[in-house]
Amino acid sequence: MSRGAADAPSVARRAVLGAIPPAVLPLVRRVLSAADERDLPVYLVGGPVRDHLLGRPLRDVDLLVERRAGRGAPQLARAARGPGLRAVAHERFGTARLEGGGGAVDLATARSESYAHPGALPRVAPGTLEQDLHRRDFAVNALAVPLSRAARRLRPALIDPEGGLADLRTRRLRILHPRSFHDDPTRALRAARLAPRLGFRLSHGSVAALGEALRAGVFAEVSGERLRREIEKLFEDAALGLEPERALALLEAWGVLPALHAGLGPRASRAPLR
């Protein structure tokens, strides 16, 4: 483990901002300035926090906004606009993107999710920071660092409601509840991507939960379009110098590939995907 992972309060805002890619940092500062003017809590969340704690370079920046007085991510992104910058907002989902200067920042309003049936797209409702972190795929992605003044006033230290720091130390991916793969089966594909990239393993309990989801036939409820997007991401890792075949081997070992397509059975899986 590298700096900060063993001690939540040691994760300094200045160090986090210093790790943000130079092309993106001016956008983040504009967002935080607009948030401070409006007393909105803004946090760095998910994969960027995980990678910062592991001493890995940040590839992207995900900001979470807690709604106040009807203002969320779309309103904040528009408030942060300036010359040469563009804000793209999706009011229905409470998300936005601020682009310009060769960089982009994604913003989302804190939300909760529920699922009508396995594999369904989630029903989204406004939520708290803790509810938003609880809806995520793995505990190591359920971490947040307060950035704006309002966020630091509410929660001055690293937020880790799901035990993600402990999982970083033991280098494991762990789902947040036993029916996680029932809710979103594509999390198995994300696990297969993340494990080789980070040098992590899927926890025993998570492997068992995945087996139960596979026996329930959950992938039959997922659209081909959603599966295609996740598989494309798997192969895009080759551009990072990684080997997609390692992810395929995990999916094969977990019994996921035959659930995606009958032609991807044991020992016959990798050739068709090539």
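Position 1 is the first residue of the sequence; numbering continues from there. All values reported here derive from a predicted model rather than from experimental measurement.
Closest approach of Ala213 to Phe181, counting heavy atoms only: CB-CB, 3.8 Å. Of all the heavy atoms in Phe219 and Pro185, the pair that sits closest is CZ-O, 3.3 Å. In this structure, Gly163 and Ala139 approach most closely via the heavy-atom pair C-CB, 4.4 Å. Between Leu27 and Leu98, the shortest heavy-atom distance links the atoms CD1-O, 3.7 Å. Closest non-hydrogen pair, Leu107 versus Ala77, comes out as CD1-CB, 4.3 Å. Between Pro74 and His90, the shortest heavy-atom distance links the atoms CG-O, 4.4 Å.
In this structure, the separation between CZ on Arg229 and CG on Leu189 is 12.0 Å, given to the nearest 0.5 Å. Distance check, rounded to the nearest 0.5 Å: CG of Leu85 to CZ of Arg30 gives 5.5 Å. Atom CZ of Arg193 sits about 10.5 Å away from atom CG of Leu251, to the nearest 0.5 Å. In this structure, CG in Asp137 is found 8.5 Å from CG in Leu173, a value given to the nearest 0.5 Å. Atom CG of Leu143 is separated from atom CZ of Phe138 by 13.5 Å, given to the nearest 0.5 angstrom. Taking CG of Leu63 as the start and CG of Leu76 as the end, the distance is 8.5 Å to the nearest 0.5 Å.
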Stepwise, does the salt bridge (Lys or Arg N to Asp or Glu O under 4.0 Å) test hold for Glu230 with Lys233?
-> CA-CA 5 Å; Glu230 292 296 332; Lys233 290 177 185 177; 3.7 Å; yes
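A donor-acceptor contact under 3.5 angstrom links the side chains of Arg187 and Ser180, judged on distance only. When only modelled atom types and interatomic distance are considered, Arg152 and Ser148 share no side-chain donor-acceptor pair under 3.5 Å.
The pair Arg153-Asp39 meets the salt-bridge criterion, with a side-chain N (NZ, NE, NH1 or NH2) lying under 4.0 Å from an Asp/Glu carboxylate O. Under 4.0 Å is where a charged nitrogen must lie from a carboxylate oxygen, and between Asp167 and Arg171 no such pair does. In summary, Glu162 and Arg174 do not engage in a salt bridge, as defined by a charged side-chain N under 4.0 Å from a carboxylate O. Remark: Arg228 engages Glu225 in a salt bridge, criterion side-chain N to carboxylate O under 4.0 Å. With respect to Arg78 and Glu91, a salt bridge is recorded, a charged nitrogen being found less than 4.0 Å from a carboxylate O. Salt bridge Arg149/Asp36: present, at least one basic N to carboxylate O contact under 4.0 Å.
Here side chain to side chain donor-acceptor pair (under 3.5 Å) pairs that include residues 60-70, with residues two or more places apart or in two chains, are Tyr43-Glu66, Glu66-Arg155.
Counting non-hydrogen atoms of other residues, nucleotides and ligands closer than 6.0 Å to CZ of Arg92 gives a total of 12 or fewer.
Here the side chain of Arg13 pairs a donor or acceptor atom with the backbone of Leu147 at under 3.5 angstrom. Not one N or O on the side chain of Glu37 forms a donor-acceptor pair closer than 3.5 Å with the backbone of Ala34. Between the side chain of Glu212 and the backbone N or O of Ala209 there is no donor-acceptor pair closer than 3.5 Å.
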